[in-house]
Amino acid sequence: LKLHELATAAGILVNISDTTDLCDFIMPAIVDRSPLLIAISSGGATPLLTRMLKARFETTIPAAYGRLAEFAGSYRDRVKKAITNMARRRRFWETMIAGPVAEHIFSGQDEQAVSLMDDLLKDAAVGGDQLPRGEVYLVGTGPGDPDLLTFRALRLMQQADVVLYDRLIGEGILNLVRRDASRIYVGKMKKDHSVAQEDISEMLIRLAREGKRVLRLKGGDPFVFGRGGEEIATLAENGISFQVIPGVTAANGCAAYAGIPLTHRDHAQGYIVVTGHEKDGELNLDWDNLLQPRRTVVIYMGLTSLGTITQGFLSHGADPEMPAAVIENGTR
């Protein structure tokens with residue numbers, strides 16, 4: 001404390017280990033891949049955690065990334081002059097960093113890297129100010145837990161120019177989208193469709209034709225009650241390139257987190273998935289098919305229709321003692 005007082009009186013900044021109240025600055029853990037630097041800090045809360053993360057980064061980020069950063073920097077002015085369109089220029093750098101040029105730098109084959117880079121730049125410069133080719137990514141984000149995202153989903157979330165997201169997409173997942181990507185909310189609730197499905201499809205087409213990479217984030221899996229089939233049909237009809245990335249659907253996520261197996265050697269040899277969403281005020285389900293023995297029944301979007309669903313099972317011969325679970329916000 002005395003040392004801090006003396007330093008403060010002399011106008012000197014002080015850092016006292018494990019005493020954050022007496023620190024004028026903190027010392028982050030540094031991963032040095034000059035000119036690339038990564039600083040990791042917990043604000044003094046858990047220095048041990050920052051050291052552990054530093055060790056993890058040290059083993060996963062090769063030293064050659066520093067040489068890649070230097071190589072890219074040496075081409076920066078040439079690339080800016082040759083490719084005037086900003087979107088095309090971003091695509092060029094992404095291709096370079098994730099492609100053969102970077103691999104040659106990593107393996108020390110600098111001459112080959114220069115040759116490939118010159119060829120890549122020459123081909124990219126031909127397009128001039130022409131818009132880049134647009135594309136749509138239909139990405140399933142799972143039932144809510146960000147840890148359930150696939151690696152491919154994360155990669156596309158980081159390279160999209162604009163994102164259209166649903167009501168079920170939580171902040172934890174949305175925060176993983178590229179920071180400078182435009183965000184458009186197109187969520188739906190029962191009897192409250194803020195954006196009609198037809199308008200969403202038209203928006204996807206328009207944005208892709210503007211040369212943008214459009215990320216369509218969907219809760220669960222795009223093809224399990226996610227209307228992904230309708231969207232890709234419209235995209236295909238209009239000649240728009242698209243990718244579909246599956247997600248952990250709610251049935252699997254909720255079953256795993258709740259400890260309820262969908263199939264079990266002694267109890268259920270299969271499972272069936274249906275929607276409990278009412279249409280025109282009626283719930284039309286094939287009750288006799290749902291009540292087949294040794295089968296797990298999974299009902300999506302059934303919370304508001306829970307009373308009708310329960311009565312439907314009972315009136316069609318279900319045992320009142322049949323085990324059942326109601327899950328809301330599963331995996332969250």
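Both backbone and side-chain heavy atoms feed into the values below; hydrogens, waters and symmetry mates do not.
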**Student:** Do F225 and L283 sit in the same hydrophobic cluster, where Ile, Leu, Val, Met, Phe, Trp and Tyr count as joined when their side-chain heavy atoms come under 4.5 Å apart?
**Tutor:**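 No: no chain of side-chain contacts under 4.5 Å links F225 to L283.
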
**Student:** Sequence neighbours excluded, which residues qualify as salt bridge (charged side-chain N to carboxylate O under 4.0 Å, His left out) partners of E210?
**Tutor:**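 E210 satisfies salt bridge (charged side-chain N to carboxylate O under 4.0 Å, His left out) with R206, K212 once adjacent residues are dropped.
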
**Student:** So does N175 have more than 12 non-hydrogen atoms from other groups sitting under 6.0 Å from CG?
**Tutor:**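 Count over threshold, so yes.
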
**Student:** Would you mind reporting whether M157 and L149 have side-chain heavy atoms less than 4.5 Å apart?
**Tutor:**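 With C-beta onward as the side chain, the pair touches.
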
**Student:** Go through the side-chain N and O atoms of Q197 and E231 and say whether any donor and acceptor fall under 3.5 Å apart.
**Tutor:**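 The answer is yes; a qualifying pair exists.
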
**Student:** Quick check for you: to the nearest 0.5 Å, what is the distance between H277 atom NE2 and S305 atom OG?
**Tutor:**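 OG of S305 is found 8.0 Å from NE2 of H277.
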
**Student:** Considering only heavy atoms from C-beta outward, does the side chain of L217 approach that of V177 to under 4.5 Å?
**Tutor:**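 Yes, close enough: below the 4.5 Å cut-off.
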
**Student:** Suppose we screen for salt bridge (charged side-chain N to carboxylate O under 4.0 Å, His left out). Which residues come up paired with D180, at least two apart in sequence or across chains?
**Tutor:**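 Per chain and number, D180 pairs via salt bridge (charged side-chain N to carboxylate O under 4.0 Å, His left out) with R90, R178.
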
**Student:** Can you give me the closest heavy-atom contact between P222 and V139, atom names plus distance?
**Tutor:**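 Nearest pair, atom of P222 first, then V139: CG-C, 4.1 Å.
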
**Student:** Do you see a donor-acceptor pair shorter than 3.5 Å between the side chains of T141 and Y165?
**Tutor:**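 There is no such pair (donor and acceptor under 3.5 Å, judged by atom type) between the side chains of T141 and Y165.
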
**Student:** According to salt bridge (charged side-chain N to carboxylate O under 4.0 Å, His left out), does anything in residues 29-44 pair up with another residue at least two apart or in another chain? List the pairs.
**Tutor:**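 For residues 29-44: R33-E58.
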
**Student:** Begin with the C-alpha distance, continue with both residues' side-chain angles, and end with the deciding distance and a verdict on side-chain contact (heavy atoms from CB on, under 4.5 Å) for F313 and L285.
**Tutor:** CA-CA 10 Å; F313 275 114; L285 294 175; over 6 Å; no

**Student:** Taking C-beta and beyond as the side chain, do L215 and L138 meet within less than 4.5 Å on heavy atoms?
**Tutor:**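 A side-chain contact under 4.5 Å is absent here.
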
**Student:** Does M322, at its CE atom, have more than 12 non-hydrogen atoms belonging to other residues, nucleotides or ligands within less than 6.0 Å?
**Tutor:**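 Enclosed: over 12 neighbouring heavy atoms sit under 6.0 Å from CE of M322.
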
**Student:** Taking atom OH of Y65 as the centre, does the number of heavy atoms from other residues, nucleotides or ligands within less than 6.0 Å exceed 12?
**Tutor:**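 No, not enclosed.
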
**Student:** What I'd like to find out is whether the side chain of E135 reaches to under 4.5 Å of the side chain of V214, using heavy atoms alone.
**Tutor:**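 No, side chains not in contact.
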
**Student:** With a 4.5 Å cut-off on side-chain heavy atoms, are V298 and L262 touching?
**Tutor:**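 When only atoms from C-beta onward are counted, V298 and L262 do touch, with a gap below 4.5 Å.
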
**Student:** Enumerate, atom names and distances included, each donor-acceptor pair closer than 3.5 Å involving a side-chain atom of residues 325-332, sequence neighbours excluded.
**Tutor:**
| unit_1 | atom_1 | unit_2 | atom_2 | d |
| --- | --- | --- | --- | --- |
| T331 | OG1 | D145 | N | 3.3 |
| R332 | NE | P143 | O | 3.3 |
| R332 | NH2 | L168 | O | 2.2 |

**Student:** Any side-chain heavy atom of R295 within less than 4.5 Å of one from Q269?
**Tutor:**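 A side-chain contact is absent here, since even the closest heavy-atom pair is not under 4.5 Å.
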
**Student:** Salt bridge check: are R227 and E230 linked by an N-O gap of less than 4.0 Å?
**Tutor:**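 Result for this pair is yes, salt bridge flagged.
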
**Student:** When you compare the side chain of T8 with that of L13, does any pair of heavy atoms fall below 4.5 Å?
**Tutor:**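 Contact flag for L13/T8 side chains = no.
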
**Student:** For R183, I'd like to know if atom CZ has over 12 heavy atoms of other residues, nucleotides or ligands within 6.0 Å.
**Tutor:**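 Enclosed: over 12 neighbouring heavy atoms sit under 6.0 Å from CZ of R183.
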
**Student:** Rounded at 0.5 Å granularity, tell me how far CD1 in I169 sits from CG in L164.
**Tutor:**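 Between atom CD1 of I169 and atom CG of L164 there are 11.5 Å.
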
**Student:** Provide the closest heavy-atom pair for L176 versus Q158 in the form atom of the first, atom of the second, distance.
**Tutor:**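 Between these two residues, the closest heavy atoms are O-NE2, 2.6 Å.
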
**Student:** Of all heavy-atom pairs between R89 and T84, which one has the smallest distance, and what is that distance?
**Tutor:**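 Where R89 meets T84 most closely, the heavy atoms are NH1-O, 3.5 Å.
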
**Student:** Of all the heavy-atom pairs spanning P132 and N85, show the shortest one and how long it is.
**Tutor:**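 Smallest interatomic distance, heavy atoms only, reads CD-OD1, 4.0 Å.
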
**Student:** Sequence neighbours left out, what passes side chain to side chain contact (heavy atoms under 4.5 Å, CB included) with T310? Give chain and number order.
**Tutor:**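 Checked T310 against side chain to side chain contact (heavy atoms under 4.5 Å, CB included); matches are L306, L314.
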
**Student:** The test is side-chain contact (heavy atoms from CB on, under 4.5 Å); show your working for F92 and L120 and say whether it passes.
**Tutor:** CA-CA 8 Å; F92 172 85; L120 189 66; 3.6 Å; yes

**Student:** Set out, in order, the CA-CA distance, both residues' side-chain angles and the distance that settles side-chain contact (heavy atoms from CB on, under 4.5 Å) for D24 and H4, then state yes or no.
**Tutor:** CA-CA 10 Å; D24 299 314; H4 182 269; 4.0 Å; yes

**Student:** How long is the gap from CG on L290 to CD1 on I272, to the nearest 0.5 Å?
**Tutor:**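 Here the interatomic distance stands at 5.5 Å.
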
**Student:** Donor-acceptor check, side chain of T150 to backbone of A153, threshold 3.5 angstrom: yes or no?
**Tutor:**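 It does hold such a pair.
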
**Student:** If every non-hydrogen atom of T296 is compared with every non-hydrogen atom of A268, which pair is closest and at what distance?
**Tutor:**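 Shortest heavy-atom contact: OG1-CB, 3.5 Å.
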
**Student:** Measure from the side-chain N and O atoms of T46 to the backbone N and O of L48, and report whether any donor-acceptor pair falls under 3.5 Å.
**Tutor:**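 The answer is no, because no donor-acceptor pair under 3.5 Å joins these two groups.
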
**Student:** Taking the side chain from R67 and the backbone from I105, do they hold a donor-acceptor pair closer than 3.5 Å?
**Tutor:**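 Answer holds: yes.
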
**Student:** Do E94 and R213 meet the salt-bridge criterion of a basic N to acidic O distance under 4.0 Å?
**Tutor:**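 Salt bridge between R213 and E94, a charged N being under 4.0 Å from a carboxylate O: yes.
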
**Student:** For the backbone of K218 and the side chain of D166, can you confirm whether one donor and one acceptor N or O come within less than 3.5 Å of each other?
**Tutor:**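 Side chain of D166 to backbone of K218, a donor-acceptor pair under 3.5 Å: no, none is there.
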
**Student:** Do Y137 and F242 have their ring centres less than 6.0 Å from each other?
**Tutor:**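 No - the distance between ring centres of Y137 and F242 does not fall below the 6.0 Å cut-off.
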
**Student:** Determine whether more than 12 heavy atoms belonging to other residues, nucleotides or ligands lie under 6.0 Å from atom CZ of R152.
**Tutor:**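 Yes, CZ of R152 has more than 12 neighbouring heavy atoms, counting only those of other groups under 6.0 Å.
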
**Student:** Answer yes or no: are there more than 12 heavy-atom neighbours, outside M52 itself, under 6.0 Å from its atom CE?
**Tutor:**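 No, because the 6.0 Å sphere around CE of M52 holds 12 heavy atoms or fewer from other groups.
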
**Student:** When hydrophobic residues are tied together by side-chain contacts of less than 4.5 Å, even through go-betweens, does V244 share a cluster with M203?
**Tutor:**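 Yes.
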
**Student:** Looking at every heavy atom in both F223 and I232, which two are closest together, and how far apart are they?
**Tutor:**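 Nearest heavy atoms, F223 then I232: CZ-CD1, 3.7 Å.
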
**Student:** Measure up the W287 and H316 rings against each other and bin them: parallel (under 30°), tilted (30 to 60°), perpendicular (over 60°).
**Tutor:**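 The rings of W287 and H316 lie parallel, inter-plane angle below 30°.
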
**Student:** Is a side-chain N or O of Y75 found less than 3.5 angstrom from the main chain of L121, in a donor-acceptor match?
**Tutor:**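 Side chain of Y75 to backbone of L121: no pair is present.
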
**Student:** Name all residues meeting the salt bridge (charged side-chain N to carboxylate O under 4.0 Å, His left out) criterion together with R78; count only those two or more places apart in sequence or in a different chain, and write none if there are none.
**Tutor:**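 Residues passing salt bridge (charged side-chain N to carboxylate O under 4.0 Å, His left out) with R78: D118.
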
**Student:** Within a reach of under 6.0 Å around CZ of F151, are more than 12 heavy atoms found that belong to other residues, nucleotides or ligands?
**Tutor:**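 It does not: F151 CZ has 12 such atoms or fewer within range.
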
**Student:** Taking CD in Q292 as the centre, count heavy atoms belonging to other residues, nucleotides or ligands within less than 6.0 Å. Is the count above 12?
**Tutor:**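 Buried by this count: over 12 neighbours within 6.0 Å.
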
**Student:** State, with a plain yes or no, whether a side-chain heavy atom of V101 is found less than 4.5 Å away from one of F71.
**Tutor:**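 They are in contact (side-chain heavy atoms under 4.5 Å apart), so the answer is yes.
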
**Student:** Roughly how far apart are L235 CG and S201 OG, rounded to 0.5 Å?
**Tutor:**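 Reported value, rounded in 0.5 Å steps: 7.0 Å.
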
